[in-house]
K.L.:
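I am attaching a structure below and will ask some questions about it afterwards.
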Amino acid sequence: MEKEIIYTSEAPAPIGPYSQAVKAGNTLYISGQIALDAESGDLINENITEETHAVMKNLEAVLRQAGYGFDNVAKCTIFIKDMGQFATINDAYGQYFKVNPPARETVEVSRLPKDVNVEISCIAVK
């Protein structure tokens, strides 16, 4: 099976040796996204709600580039620095999955790239 590299300028460019997403067959694997503004490269992190929405908008841009949407997402992984912020992150995240939300795990970690508070990756299927 061949793989297709997905890239969009509407989401932050990778900051390491990885792709924004890889499509293999009908499955799309999206790398962890953080709250970077795609144009300026600035962090969007005034508060955890704003930061989570920025992450979700970056995921949405990659999904859209590949011809997918949030309704195609089968699984997400959320990495957070402080489990005490889980409820707030969950509220923002949940706005993108109102019906039939994907499978998910949430993991507290000691540190994330660029010292952000939340990173989310996902897998989508058509």
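Numbers here simply count residues along the sequence, with the first being 1. All values derive from a computational prediction rather than experimental measurement.
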K.L.:
For Asn72 and Gly69, indicate whether the former's side chain and the latter's backbone hold a donor-acceptor pair under 3.5 Å.
P.N.:
yes
K.L.:
Any non-hydrogen side-chain atom of Tyr96 less than 4.5 Å from a side-chain atom of Lys57?
P.N.:
yes
K.L.:
Does the side-chain contact (heavy atoms from CB on, under 4.5 Å) test come out yes or no for Glu108 and Phe86, once each step is laid out?
P.N.:
CA-CA 9 Å; Glu108 183 180 64; Phe86 175 77; over 6 Å; no
K.L.:
Does Glu105 have more than 12 heavy atoms from other residues, nucleotides or ligands lying within 6.0 Å of its CD?
P.N.:
yes
K.L.:
I need the Ile44 CD1 to Asn58 CG distance, nearest 0.5 Å.
P.N.:
7.0 Å
K.L.:
Can a donor-acceptor pair be found, under 3.5 Å and without considering hydrogens, that links the side chain of Gln20 to the backbone of Val62?
P.N.:
no
K.L.:
Using side-chain heavy atoms (C-beta onward) and a distance below 4.5 Å, is Arg104 in contact with Asn90?
P.N.:
yes
K.L.:
Checking Leu43 against Leu36 for the side-chain contact (heavy atoms from CB on, under 4.5 Å) test, could you report, in this order, the C-alpha distance in whole Å, the side-chain angles of both residues, the deciding distance, and whether it holds?
P.N.:
CA-CA 5 Å; Leu43 284 173; Leu36 283 177; 3.4 Å; yes
K.L.:
Under 3.5 Å, is there a donor-acceptor pair between the side chain of Glu119 and the main chain of Phe79?
P.N.:
no
K.L.:
Which heavy atom of Lys75 sits nearest to which heavy atom of Pro102, and what is that distance?
P.N.:
N-CB, 3.7 Å
K.L.:
Go through Ile80 and Ile89 one step at a time and tell me if the side-chain contact (heavy atoms from CB on, under 4.5 Å) criterion holds.
P.N.:
CA-CA 9 Å; Ile80 60 176; Ile89 292 167; 3.2 Å; yes
K.L.:
Roughly how far apart are Thr52 OG1 and Tyr93 OH, rounded to 0.5 Å?
P.N.:
11.5 Å
K.L.:
Compare every heavy atom of Val118 with every heavy atom of Ile34, then report the nearest pair and how far apart it is.
P.N.:
CG2-O, 4.0 Å
K.L.:
More than 12 foreign heavy atoms under 6.0 Å from NZ of Lys126: is that the case here?
P.N.:
yes
K.L.:
Tell me the closest heavy-atom pair linking Thr106 and Met83, and the distance in Å.
P.N.:
O-CE, 4.2 Å
K.L.:
Ser31: which residues meet the side chain to side chain contact (heavy atoms under 4.5 Å, CB included) condition with it, sequence neighbours left out?
P.N.:
Tyr18
K.L.:
Roughly how far, to the nearest 0.5 Å, is the CG atom of Asp82 from the CD1 atom of Ile48?
P.N.:
8.5 Å
K.L.:
Using every non-hydrogen atom in the two residues, find where Ile30 and Ser121 come nearest and quote the distance to one decimal.
P.N.:
O-CB, 3.4 Å
K.L.:
Which pair of heavy atoms, one from Val55 and one from Gln33, lies closest together, and at what distance?
P.N.:
CG1-O, 3.4 Å
K.L.:
Quick one: OG1 on Thr88 to CD on Glu51, what's the gap to the nearest 0.5 Å?
P.N.:
12.0 Å
K.L.:
Which side-chain N or O atoms in residues 5-16 pair as donor and acceptor under 3.5 Å with protein atoms at least two apart or in another chain?
P.N.:
unit_1, atom_1, unit_2, atom_2, d
Thr8, OG1, Glu10, N, 3.1
Glu10, OE1, Arg64, NH2, 2.7

K.L.:
Tell me the closest heavy-atom pair linking Val73 and Phe97, and the distance in Å.
P.N.:
CB-CE2, 3.8 Å
K.L.:
Mark yes when over 12 heavy atoms from residues, nucleotides or ligands other than Asp115 sit less than 6.0 Å from its CG; otherwise mark no.
P.N.:
yes
K.L.:
Enter the distance from Met1:CE to Asn26:CG here, rounded to the nearest 0.5 Å.
P.N.:
8.0 Å
K.L.:
Roughly how far, to the nearest 0.5 Å, is CG of Leu59 from SG of Cys76?
P.N.:
7.0 Å
